[in-house]
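Reviewing the structure listed below.
Worth saying up front: this structure is predicted, and the values here are computed from it rather than measured. Both backbone and side-chain heavy atoms feed into the values below; hydrogens, waters and symmetry mates do not.
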2 protein chains.
Amino acid sequence: MTSPAFGHEVLAAVLGIRDGRLRVLLWERARDPDRGRWALPGGGLRADEDVETSVRRQLAEKVDVREVAHVEQLSVFSDPDRTPGPRTIATAFLGLVPSDADPVLPADTAWHPVDALPPTAFDHAAIAASARDRLRAKLSYTNLGFALAPREFTISGLREHYVAALGHPVSATNLQRVLTRRDLLAPTGETAPSGRAGGRPAAVFRFTDRTLRVTDAFAVLRPPAQAGTAS
Amino acid sequence: MTSPAFGHEVLAAVLGIRDGRLRVLLWERARDPDRGRWALPGGGLRADEDVETSVRRQLAEKVDVREVAHVEQLSVFSDPDRTPGPRTIATAFLGLVPSDADPVLPADTAWHPVDALPPTAFDHAAIAASARDRLRAKLSYTNLGFALAPREFTISGLREHYVAALGHPVSATNLQRVLTRRDLLAPTGETAPSGRAGGRPAAVFRFTDRTLRVTDAFAVLRPPAQAGTAS
DNA sequence: TCAAAAGTGTTGGTGCTACACCCATGG
DNA sequence: CCATGGGTGTAGCACCAACACTTTTGA
């Protein structure tokens with residue numbers, strides 16, 4: 001059991017919709033190695049914390065943690081040569097920040113389009129891509145939209161978030177019906193003022209639930225009966 | 001960047017259907033700590049390998065690797081006190097062995113029902129539970145059955161595998177239709193002899209594909225068109 | 001009164017579950 | 001020819017995408 005020891009870092013791909021695009025939070029490295037390239041926030045794991053605690057601590061230094069609506073583990077990146085110098089293993093996380101949260105960012109930190117990244121440090125581009133893919137997959141069978149959208153929104157506003165995140169057209173009509181059928185949306189009773197060009201004012205909604213819920217589990221091999229689930 | 005270094009181990013929850021139950025491969029610890037308790041196979045990460053390479057190497061010592069039909073990463077277990085002694089972080093994997101593979105096992109190693117584990121070492125019970133849950137979820141929206149079932153099987157034989165893995169009844173009629181509709185099954189043309197009590201001989205099938213395929217992605221927010229996918 | 005934007009009604013199609021029925025074998 | 005188990009036909013339901021239509025606003 002005398003196995004070697006390795007450095008361990010925690011990295012977070014924090015995604016959010018900003019200016020109509022799906023973006024990831026990156027900071028520009030001021031020092032070698034990879035000076036001038038853009039990196040994911042994160043850093044070394046401390047002796048007294050587990051990786052979940054660590055990622056939240058590290059994010060708190062970039063973003064007010066209360067603004068991060070969802071955090072989940074992606075996977076381990078462990079190529080021996082993934083970084084120069086002493087070997088470091090990384091546990092990668094996906095974080096999501098709603099678009100009405102506008103955290104004050106340090107000067108070296110900015111949101112970059114996840115589909116058009118600037119030159120990135122180490123293997124961080126692969127981590128960002130894996131975060132993007134995880135988000136896209138989960139949007140379609142969970143209520144994860146709550147972590148991208150603002151607290152309150154109109155259906156067409158929500159639709160734009162889904163379009164930006166998924167990268168393909170989404171029908172507002174059917175989006176509303178799917179989310180309503182599954183009881184994910186609740187009307188607030190308010191309406192949003194119509195724009196400069198007129199038009200009927202939109203009803204305002206919020207998500208009924210702001211924690212992750214799988215809505216399509218066991219689509220095929222569903223456990224029998226479960227009477228009462230449909231409400 | 002002078003963060004501390006930690007031991008890193010790789011652990012595999014190898015699941016398979018044995019004697020009609022979903023079981024996990026465990027070995028009995030002969031030494032303290034946790035002597036006499038049952039542990040998942042695995043061990044320290046070497047300096048020149050990544051975690052995926054490592055888990056396959058470690059499994060080769062217990063099971064002929066060619067018999068492991070599927071391996072995937074679960075998550076990191078990193079509680080500072082998860083093991084006594086110097087801190088060790090674990091990357092946990094799910095491995096699946098088809099029921100027609102019968103690897104020769106070392107004397108200290110045995111298959112145990114995953115829903116009725118013997119006393120387990122460290123946090124290994126939680127890892128086994130997370131492997132079981134991952135398997136159950138993926139069975140319902142992927143072709144992952146190929147990694148549990150034998151190479152060739154009858155529908156009712158396959159049904160028993162799903163029942164054992166999921167823990168709830170599954171209809172053979174509908175199982176066949178669902179898997180056929182998605183082109184996951186191919187008839188071999190052979191039939192299996194009927195049992196002592198008679199009955200029509202069953203047709204023999206195999207999975208068309210023996211690598212993981214997601215069959216239900218984007219059930220809700222499906223990308224538009226994709227002409228020709230249905231074939 | 002017209003254009004714009006939001007929201008609802010409706011229709012046709014697909015996939016799924018349940019159940020009834022037919023098929024092939026051993027005794 | 002009967003019991004046993006395998007396999008298919010089909011009816012009804014739920015869900016869903018597309019599209020036409022109605023509603024409510026600003027100019």
Considering only D:dA17, C:dA6, C:dT17, which nucleotide approaches the side chain of A:Val178 most closely?
D:dA17
Cut-off 3.5 Å, side chains only: do A:Asp133 and A:Ser130 have a donor facing an acceptor?
no
Is there a donor-acceptor contact under 3.5 Å linking the side chains of B:Glu160 and B:Ser156?
no
Does the side chain of A:Gln176 get closer than 4.0 angstrom to OP1 or OP2 of C:dA6 through an N or O atom?
no
Counting just side-chain N and O atoms, does A:Ser156 come under 4.0 Å of either OP1 or OP2 of C:dA6?
yes
A:Pro201 or A:Arg177, whichever maps to the more 5' nucleotide of DNA chain D
A:Arg177
A:Leu185 atom CG is separated from C:dT8 atom P, nearest whole Å, by 12 Å
Please determine if a side-chain N or O atom of A:Arg181 lies less than 4.0 Å away from the OP1 or OP2 oxygen of D:dC16.
yes
Out of C:dA5, C:dT17, D:dG6, minimum distance to the side chain of B:Arg200 belongs to D:dG6
Where the side chain of A:Ile155 is defined as all heavy atoms beyond and including C-beta, which of D:dG6, C:dG7, C:dG15 is the nearest nucleotide?
C:dG7
Counting only heavy atoms from other residues, nucleotides and ligands, does the tally under 6.0 Å from CZ of B:Arg18 exceed 12?
yes
In terms of ring plane angle, is the pair B:Tyr141 and A:Tyr141 parallel, tilted or perpendicular, where the classes change at 30° and 60°?
tilted
Hey, does the side chain of A:Ser171 come within less than 4.0 Å of D:dA17's phosphate (OP1/OP2), counting only N and O?
no
Whole-Å gap separating C1' (C:dG7) and CG (A:Leu179)
15 Å
Within this structure, what is the CG-to-C1' distance between B:Leu158 and D:dG5, rounded to whole angstrom?
17 Å
B:Phe153 and B:Phe207 aromatic ring geometry - parallel, tilted or perpendicular at 30°/60° bounds
tilted
Mind checking if B:Ala172 touches a base, just sugar-phosphate, or nothing, with heavy atoms under 4.0 Å?
nothing
State which of D:dG9, C:dT17, D:dA17 makes the closest approach to the side chain of B:Thr173.
D:dG9
For A:Asn174 and D:dA14, what is the distance between atoms CG and P respectively, to the nearest whole Å?
19 Å
Please state how far atom OH in A:Tyr162 lies from atom P in D:dA17, giving the value in whole angstrom units.
13 Å
Nearest-Å distance, CG (A:Leu175) to P (D:dC15)?
17 Å
